[in-house]
Structures are given as structure tokens and as C-alpha cells.
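Residues take their numbers from the sequence shown, with the count starting at 1.
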Amino acid sequence: MAAQKKRGKDSYLNDFKKGQDGGYVYVGKTWHADPALRRRTLIKLWSFQGCMLFSALLPGFVTTAGLLNTYYVIIPYVLWLISDFALAYTLGNMTLGGNPLRDYIYRRCVKPYRFRTMLPLAGAALTALSLLIFLLRGGTGEGKLVCFVCCGVQIAASFFAGRSKIVEIWTE
């Protein structure tokens with residue numbers, strides 16, 4: 001019973017063994033990437049991420065039509081904003097994980113990255129759609145053009161970040 005492997009959320013802890021100096025050493029599976037290719041890919045992804053964060057934050061600072069008191073515009077915008085920060089957190093873990101990358105970081109960051117780029121895209125598209133509905137219902141206000149441009153930038157950056165070959169650069 002004591003030798004039984006732990007499964008579930010913390011199963012990656014089985015990959016650490018106690019070393020002779022008393023510290024723990026990672027002995028699990030690692031993923032390797034060509035350093036130059038990894039660097040180029042991460043620079044490209046971080047530039048997309050910077051565009052995404054800027055385009056998500058700008059409508060919140062500009063007095064944008066619909067973001068003042070309209071719940072059906074605010075809710076998709078909050079989804080967009082939260083998913084952008086979650087994507088930045090994922091990319092940060094991937095970057096700081098180093099090369100070689102440990103298996104549990106690979107499974108939590110690299111594999112789901114493409115799917116996670118679609119969440120801010122969906123949030124921006126829903127925000128643009130709900131802002132359009134707000135304007136068609138007779139809503140007025142400043143900043144609607146800024147919000148539509150930011151939605152377009154977010155959609156384009158998310159699409160191109162999702163098409164990156166981040167999974168393909170890693171080998172066991």
C-alpha cells in the first residue's frame with residue numbers, strides 16, 4: 001500500500017526523489033526544444049500577448065459606449081480580460097519553465113496553449129457583438145470605435161498566436 005503511486009492533481013510530485021544532499025531532484029520526463037527556435041517562438045508569442053493585453057485594457061480606460069452600465073456588454077468584456085490575463089500567466093509559466101521543460105509544466109502550459117488562445121478571441125468577438133447590439137438599440141457614447149478596433153486587434157492576435165507551432169518545437 002505504501003508503494004502505491006499517487007494519482008490526481010499532485011501526481012507530478014512522484015517525479016521528485018530525495019538526493020544524497022537531502023534536497024529533492026526532478027527525475028521525471030523532460031521536453032527539449034532547439035534554443036534558437038524556442039527563443040524566436042517565445043518572442044513572437046510575447047509580442048502577440050503584449051498586443052492582446054493592450055487591446056483588452058484600453059477599452060476599460062477609455063469611456064467606451066456600453067461599458068458604463070450595460071451588463072450584456074460588460075460580462076463578455078470581463079471574460080475577455082480574465083482570459084487574456086490567464087493566457088499571459090500560461091505563457092509566463094512556459095517561458096520561466098526553461099529548456100528542458102518538465103513534463104508537468106508541458107502538460108499544463110504548452111499542450112493547452114492553442115485552446116486557451118481561443119478564449120480571449122471569443123471574449124473579444126462577444127464584446128464586439130454585444131456592443132453592436134447596444135448601438136442598434138439606440139445606445140450612444142464615446143469610444144465605440146476604440147472598442148471595435150481593440151476587439152479586432154484581439155481577434156487577430158489571438159488567431160495568429162493560436163496558429164503558432166509551440167507544441168511542435170518540443171521533443172521528448
Exercise. In terms of side-chain heavy atoms, does T30 have a donor or acceptor partner in R102 at a distance below 3.5 Å?
Worked result: no

Exercise. When you check the side-chain N and O atoms of W31 and T171, is any donor under 3.5 Å from an acceptor?
Worked result: no

Exercise. Which residues satisfy the salt bridge (Lys or Arg N to Asp or Glu O under 4.0 Å) test with R39, sequence neighbours excluded?
Worked result: none

Exercise. Is there a donor-acceptor pair closer than 3.5 Å between any side-chain N or O of Q49 and the backbone N or O of D84?
Worked result: yes

Exercise. Is there a donor-acceptor pair closer than 3.5 Å between any side-chain N or O of S158 and the backbone N or O of I155?
Worked result: no

For this session: Sequence neighbours left out, what pairs pass ring-ring contact (aromatic ring centres under 6.0 Å, His included) with at least one residue falling in residues 142-162?
Result: none

Same cluster or not: [X] versus [Y], using hydrophobic residues (I, L, V, M, F, W, Y) connected whenever any side-chain heavy atoms lie under 4.5 Å apart?
| X | Y | answer |
| --- | --- | --- |
| L96 | Y104 | no |
| L126 | Y72 | no |
| V167 | I105 | yes |

Exercise. Would you call E168 and K111 a salt bridge, using N to O less than 4.0 angstrom?
Worked result: no

Problem set entry | Straight-line distance of F85 CZ to I82 CD1, nearest 0.5 Å | 10.0 Å

For this session: Please report the C-alpha distance between D103 and R107 in whole Å, then the side-chain angles of each, then the deciding distance to 0.1 Å, and finally whether the salt bridge (charged side-chain N to carboxylate O under 4.0 Å, His left out) criterion is met.
Result: CA-CA 6 Å; D103 186 54; R107 283 186 277 120; 2.9 Å; yes

